[in-house]
Number of protein chains: 2
Amino acid sequence: MTRPAALAVPRVKQRRLSPDERRRDFIAKAAEFFAEEGFDGGTRELARKLGVTQPLLYRYFPSKEELIREVYRTVYLDRWQADWDKLLTDRSLPIRERMQRFYDAYTDAIFTREWMRIYLFSGLKGVEINKWYVGIVEDRILKRIVTEYRAEAGLPEQDPLPAELELGWILQGGIFYYGVRKHIYGSTVLEDKERVISNAIDVFLEGISRVFGTGVRVRTTAARRPPADEA
Amino acid sequence: MTRPAALAVPRVKQRRLSPDERRRDFIAKAAEFFAEEGFDGGTRELARKLGVTQPLLYRYFPSKEELIREVYRTVYLDRWQADWDKLLTDRSLPIRERMQRFYDAYTDAIFTREWMRIYLFSGLKGVEINKWYVGIVEDRILKRIVTEYRAEAGLPEQDPLPAELELGWILQGGIFYYGVRKHIYGSTVLEDKERVISNAIDVFLEGISRVFGTGVRVRTTAARRPPADEA
DNA sequence: CGATTAATTTATCACGCGATAAGTTTGGTG
DNA sequence: CACCAAACTTATCGCGTGATAAATTAATCG
């Protein structure tokens with residue numbers, strides 16, 4: 001890529017791309033494509049979308065399967081923000097606030113048609129990365145939420161009970177399903193995402209303190225401003 | 001193989017079936033097949049599973065698409081029990097009890113690998129019957145639950161607010177996702193389904209009464225026997 | 001400029017797909 | 001038992017698939 005004397009003016013109509021850019025572009029567009037068509041979508045149609053011919057794909061990826069694996073990697077890994085880990089365990093903030101901030105950010109990252117469809121398609125295929133991701137959600141999100149809730153409520157320190165974790169999954173699944181309805185089913189949903197999340201978190205925290213704990217509550221939005229109606 | 005005069009003993013190795021039985025058998029096995037393979041599964045492999053040759057399928061269904069539509073119909077329609085409608089609105093029972101009975105029965109019907117996979121595949125395809133079903137869930141389950149909850153809590157009679165409905169969807173989605181984790185992702189879940197549902201309902205009812213309403217509560221399991229732990 | 005290297009395309013293969021037509025086998029009935 | 005309608009199979013078509021090899025074209029460098 002080094003050029004001797006001449007100016008560093010980038011070519012306007014650059015027909016040939018550097019392998020790196022090409023590869024990245026292929027993966028990004030392939031993600032869009034497979035999200036819509038499913039992984040049975042054809043390589044010819046994908047190539048048309050990319051503006052190149054089909055065999056060129058095989059210069060960058062040894063097989064369609066390998067390309068798909070790259071798509072998984074970028075979709076699953078690139079959107080996970082490292083600082084989410086710190087956020088949920090930052091005890092300088094009430095757990096209610098941490099949960100709201102986390103789910104606002106998390107859903108900003110995953111509530112796209114592309115992410116959700118690839119997640120569902122890959123889950124139906126039963127691929128390993130999907131199972132891995134589900135484990136990550138449980139360990140890095142739900143276990144932490146339950147643990148931090150227990151701490152703030154003054155409950156004894158211990159590993160989350162399976163039944164508490166399942167309640168966490170109800171919340172997680174409920175929020176996820178809101179995204180599915182909006183971005184995949186095309187349902188009419190309450191558009192105010194943060195309000196929906198806020199109410200779900202309130203219900204979770206108010207509810208868990210009575211189902212487990214002995215009624216020891218934690219500060220929620222509901223406790224601060226009772227009527228959580230919407231416009 | 002054929003027996004001339006003999007008794008009307010049903011043939012053990014009956015090669016030819018009546019069109020009705022054949023058709024029913026095709027649809028049932030096709031549901032299993034497409035649930036596993038997705039709707040891109042091949043008609044030849046399906047025929048092999050059925051123990052017949054591939055062109056025979058076209059004697060019973062004009063096209064693969066039409067066969068798939070029959071699969072939708074049986075999977076979506078046959079499992080919905082008419083008496084669920086009465087159950088949720090039966091005010092001789094507390095809403096807590098109605099919800100528990102309903103979700104126990106409902107999840108008995110849909111928590112199978114086959115149903116859930118076909119539901120998800122058809123949702124990803126965006127077929128009409130899936131959108132129709134989502135509307136049914138909202139109208140026949142969630143609106144009723146919210147309305148009945150309001151009645152029992154002594155809140156003013158009115159159509160469910162969008163935000164209340166969304167809370168219903170959080171519950172519905174949360175329970176559904178429990179089934180996805182168990183039957184599709186193969187995750188290790190808390191096996192006691194009724195306990196999981198019970199806790200989810202308690203959290204919903206305890207929570208909603210504080211997020212909406214002004215703290216007017218309804219009788220829940222949690223209110224009756226505080227520590228809802230598990231074995 | 002001319003030569004070299006590599007990005008990209010053209011041509012093609014073997015295969016599996018949904019679907020159709022024609023032939024074969026079976027079970028029921030006079 | 002012979003006949004017939006219908007259930008079922010065999011053979012095949014046209015097409016789209018993932019993948020490979022060879023030809024072509026564009027960018028780089030002496």
Side-chain angles (χ1 to χ4, degrees), chain A residues 1-27 29-30 33-34 36-72 121 125, chain B residues 1-27 29-30 33-34 36-72 121 125:
Chain A
M1 205 25 102
T2 83
R3 261 113 67 355
L7 310 87
V9 177
R11 219 136 276 117
V12 181
K13 217 185 172 183
Q14 189 174 20
R15 299 187 34 124
R16 304 209 159 175
L17 296 179
S18 78
D20 249 35
E21 288 177 84
R22 201 41 123 189
R23 203 181 144 83
R24 247 190 295 277
D25 184 52
F26 278 8
I27 295 171
K29 295 248 179 63
F33 175 76
F34 288 128
E36 284 310 312
E37 308 293 323
F39 295 113
D40 291 318
T43 52
R44 273 170 241 276
E45 198 184 338
L46 168 58
R48 201 175 317 127
K49 180 188 167 96
L50 290 166
V52 299
T53 55
Q54 180 251 3
L56 188 60
L57 290 171
Y58 290 85
R59 196 150 204 91
Y60 291 86
F61 308 95
S63 69
K64 181 184 176 181
E65 199 48 44
E66 200 53 47
L67 166 57
I68 290 174
R69 255 194 288 273
E70 288 299 320
V71 168
Y72 289 151
F121 275 125
K125 277 220 295 185
Chain B
M1 186 137 354
T2 84
R3 276 116 37 26
L7 314 84
V9 176
R11 221 134 278 120
V12 182
K13 219 183 173 186
Q14 188 176 18
R15 301 184 33 124
R16 302 210 162 175
L17 297 179
S18 78
D20 250 35
E21 289 177 84
R22 198 45 118 189
R23 202 181 144 83
R24 247 190 295 277
D25 185 52
F26 278 9
I27 295 170
K29 295 248 179 62
F33 176 75
F34 288 128
E36 285 309 314
E37 308 293 323
F39 295 113
D40 291 318
T43 53
R44 274 166 241 273
E45 198 184 336
L46 168 58
R48 201 176 316 128
K49 181 188 166 97
L50 291 166
V52 300
T53 55
Q54 181 250 4
L56 188 60
L57 289 172
Y58 290 85
R59 196 151 206 91
Y60 291 86
F61 308 94
S63 68
K64 181 184 177 182
E65 199 48 44
E66 200 52 48
L67 166 58
I68 290 175
R69 256 194 288 274
E70 288 299 322
V71 168
Y72 289 150
F121 275 125
K125 276 220 295 186

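By convention in this document, chain letters (A, B, ...) are assigned in the order of the sequence lines, proteins followed by strands, and residues within each chain are numbered from 1.
If you measure from atom CZ of A/Phe26 to atom C1' of C/dA7, you get 10 Å, rounded to the nearest angstrom. Atom pair A/Tyr60:OH and D/dT20:P shows a separation of 17 Å (rounding to whole Å applied). The CD-P distance, from B/Glu45 to C/dG16, rounds to 11 Å in whole Å. For the pair A/Asp40 CG and C/dG18 P, the interatomic distance rounds to 11 Å; values are reported in whole Å. Protein atom CG of A/Leu56 is 14 Å distant from nucleotide atom C1' of D/dA19, rounded to whole Å. Rounded to whole angstrom, the span from the CZ atom of A/Phe61 across to the P atom of C/dT8 amounts to 12 Å. Taking atom CD of B/Glu21 as the reference point, atom P of C/dG27 lies 14 Å away to the nearest angstrom. B/Glu37 has its CD atom 10 Å from the P atom of C/dC17, to the nearest Å.
Side-chain contact check for B/Leu56 versus B/Leu50: every heavy-atom pair is 4.5 Å or farther apart. Side-chain contact between A/Arg22 and A/Val52 is present, with heavy atoms from C-beta onward closer than 4.5 Å.
Residues that satisfy the side-chain hydrogen bond (donor to acceptor under 3.5 Å, both in side chains) test with B/Glu36, not counting sequence neighbours, are B/Arg113. For A/Phe33, there are no ring-ring contact (aromatic ring centres under 6.0 Å, His included) partners at least two apart in sequence or on another chain. For B/Arg69, the side chain to side chain contact (heavy atoms under 4.5 Å, CB included) test picks out B/Glu65, B/Glu66, B/Tyr72, B/Arg73, with sequence neighbours left out. By the side chain to side chain contact (heavy atoms under 4.5 Å, CB included) test, B/Phe121 pairs with A/Leu124, B/Phe39, B/Arg117, sequence neighbours left out. The side-chain hydrogen bond (donor to acceptor under 3.5 Å, both in side chains) test applied to B/Gln54 returns B/Thr43, not counting sequence neighbours.
The aromatic rings of B/Phe26 and B/Tyr60 stand perpendicular to each other, their planes meeting at an angle above 60°, with 30° marking the opposite boundary.
Among residue pairs with one or both ends in residues 40-59 of chain A, those qualifying as salt bridge (Lys or Arg N to Asp or Glu O under 4.0 Å) are A/Glu32-A/Lys49; sequence neighbours excluded.
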Pick out the pairs of N or O atoms, protein on one side and nucleotides 19-23 of chain C on the other, that lie under 3.5 Å.
unit_1	atom_1	unit_2	atom_2	d
C/dA19	OP2	B/Tyr58	OH	2.3
C/dA19	OP2	B/Lys64	N	2.9
C/dA19	N7	B/Gln54	NE2	3.0
C/dA19	N6	B/Gln54	OE1	3.1

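End-to-end axis angle of the helix from C/dC1-D/dG30 to C/dG30-D/dC1, from C1' rotation axes over five pairs per end: 10° (rounded to 10 degrees).
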